[in-house]
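Here the structure comes first, spelled out in structure tokens, and everything after it is commentary.
In the text below, chain A, chain B and the rest are named by the order of the sequence lines, each starting its count at 1. Just so we're clear, the structure is a prediction, and the values are computed from it rather than from any experiment.
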Number of protein chains: 2
Amino acid sequence: MHDHRATLERMRSLTPDEETLSRLTRLFRVFGDPTRMRILYALSRGEMCVCAIGEYLGMEQSAVSHQMKVLKDTYLVKSRREGKTVYYALADDHVQSIVCQGYEHVCEDKE
Amino acid sequence: MHDHRATLERMRSLTPDEETLSRLTRLFRVFGDPTRMRILYALSRGEMCVCAIGEYLGMEQSAVSHQMKVLKDTYLVKSRREGKTVYYALADDHVQSIVCQGYEHVCEDKE
DNA sequence: CGTTCATATGAATGACTGTTCATATTATAG
DNA sequence: CTATAATATGAACAGTCATTCATATGAACG
């Protein structure tokens, strides 16, 4: 095995702590599911209730609820109750800018 | 079931095509693994060979190679051969800006 | 050529996770 | 209080994927 002490020395300080690393990768995994991405795209136009999301994406109410929980736990969406109905909306602009960054990347690679 | 034709109407046009959606979520899934994220962090300081990456992160050579393939297939890293050694480096600044966006998000949520 | 080092690849296994089904909340209306 | 609509939750199943082990490729050197 060849030597690379110098290379190793360079970045020992950089790596984020376990807690942050875990949160960070968890966040990206949440973005990594087509269904959730569709939901986020849908919400980028404005708030929607569980019912409408399910109808729009052709998925069961239960599946939607499960995914909304995931999205909420990672602070990507927020909710608001109005009677029996719960409306979900994107939590903030961060969500969109992350998706856009990814979007640009995959578009570049199409060449 | 209550009515939401108006809501639905709003965003039918938005959703990206299947191909793009698939590429996009695939990309985020790649960012969603702690090992790969550690590799990307390591490379953010400069190129490294497979050997050094494995040593640094305490993982087997085979595992590193497998992951480098994933990273390369999604254009997150590029490689350069020098004799028997293969050096990997981040493909472009995009990678770092995506990670940073995510980083900011998880940091905000710590409050 | 044969050997050795660095890397790549294929198959198998175990862990994780999205969906479904059944059931539980929560809220409104009568 | 009962019925019903909207949403949430828990358990089970199925598909995905990261790691490991064994083996293959590729390059330098004698």
Closest-nucleotide 5' rank along DNA chain C - winner of Glu82(A) and Lys69(B) |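 Counting from the 5' end, the first nearest nucleotide belongs to Lys69(B).
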
State whether a side-chain donor-acceptor pair under 3.5 Å links Ser65(B) with Gln61(B).
-> yes

Can you tell me the distance, in whole Å, between the [atom1] atom of [X] and the [atom2] atom of [N]?
| X | N | atom1 | atom2 | value |
| --- | --- | --- | --- | --- |
| Arg81(A) | dT7(D) | CZ | P | 8 Å |
| Asp33(A) | dC17(D) | CG | P | 11 Å |
| Arg29(B) | dC16(C) | CZ | P | 18 Å |
| Lys84(A) | dA5(D) | NZ | C1' | 4 Å |
| Glu60(A) | dT9(D) | CD | C1' | 14 Å |
| His2(B) | dT28(C) | NE2 | C1' | 14 Å |
| Ile53(A) | dA6(D) | CD1 | P | 14 Å |
| Arg80(A) | dA6(D) | CZ | C1' | 14 Å |

Does Tyr88(A) make a side-chain N or O approach to OP1 or OP2 of dA6(D) shorter than 4.0 Å?
-> no

Ignoring backbone atoms, establish whether Arg36(B) has a side-chain N or O less than 4.0 Å from OP1 or OP2 of dA18(D).
-> yes

Between the base of [N] and the side chain of [X], is one N or O donor paired with an acceptor at under 3.5 angstrom?
| X | N | answer |
| --- | --- | --- |
| Thr85(B) | dT7(C) | no |
| Gln61(B) | dA8(C) | yes |
| Ser62(A) | dT19(C) | no |

Base, sugar-phosphate, or nothing for His66(A), non-hydrogen atoms under 4.0 angstrom?
-> base

Would you indicate what Tyr87(A) reaches in the nucleic acid, counting non-hydrogen atoms under 4.0 angstrom: base, sugar-phosphate, or nothing?
-> nothing

Out of dT20(C), dA18(D), dT7(D), which nucleotide sits closest to the side chain of Thr35(B)?
-> dA18(D)

Nucleotide of dT19(C), dA28(D), dT9(C) approaching Ser65(B) most closely (side-chain heavy atoms) =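 Nearest to the side chain of Ser65(B) among the choices is dT9(C).
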
Evaluate the ring planes of His4(B) and His2(B), with Trp represented by its six-membered ring, and classify them as parallel (under 30°), tilted (30 to 60°) or perpendicular (over 60°).
-> perpendicular

Provide the closest heavy-atom pair for Phe28(B) versus Ile98(A) in the form atom of the first, atom of the second, distance.
-> CZ-O, 3.6 Å

Could you go through the side-chain hydrogen bond (donor to acceptor under 3.5 Å, both in side chains) check for Arg29(B) and Thr25(B) one step at a time?
-> CA-CA 6 Å; Arg29(B) 252 174 288 142; Thr25(B) 53; 3.3 Å; yes

For the pair Glu18(A) and Arg38(B), evaluate salt bridge (Lys or Arg N to Asp or Glu O under 4.0 Å) and give the outcome as yes or no after the intermediate values.
-> CA-CA 10 Å; Glu18(A) 281 303 308; Arg38(B) 286 195 192 93; 3.1 Å; yes

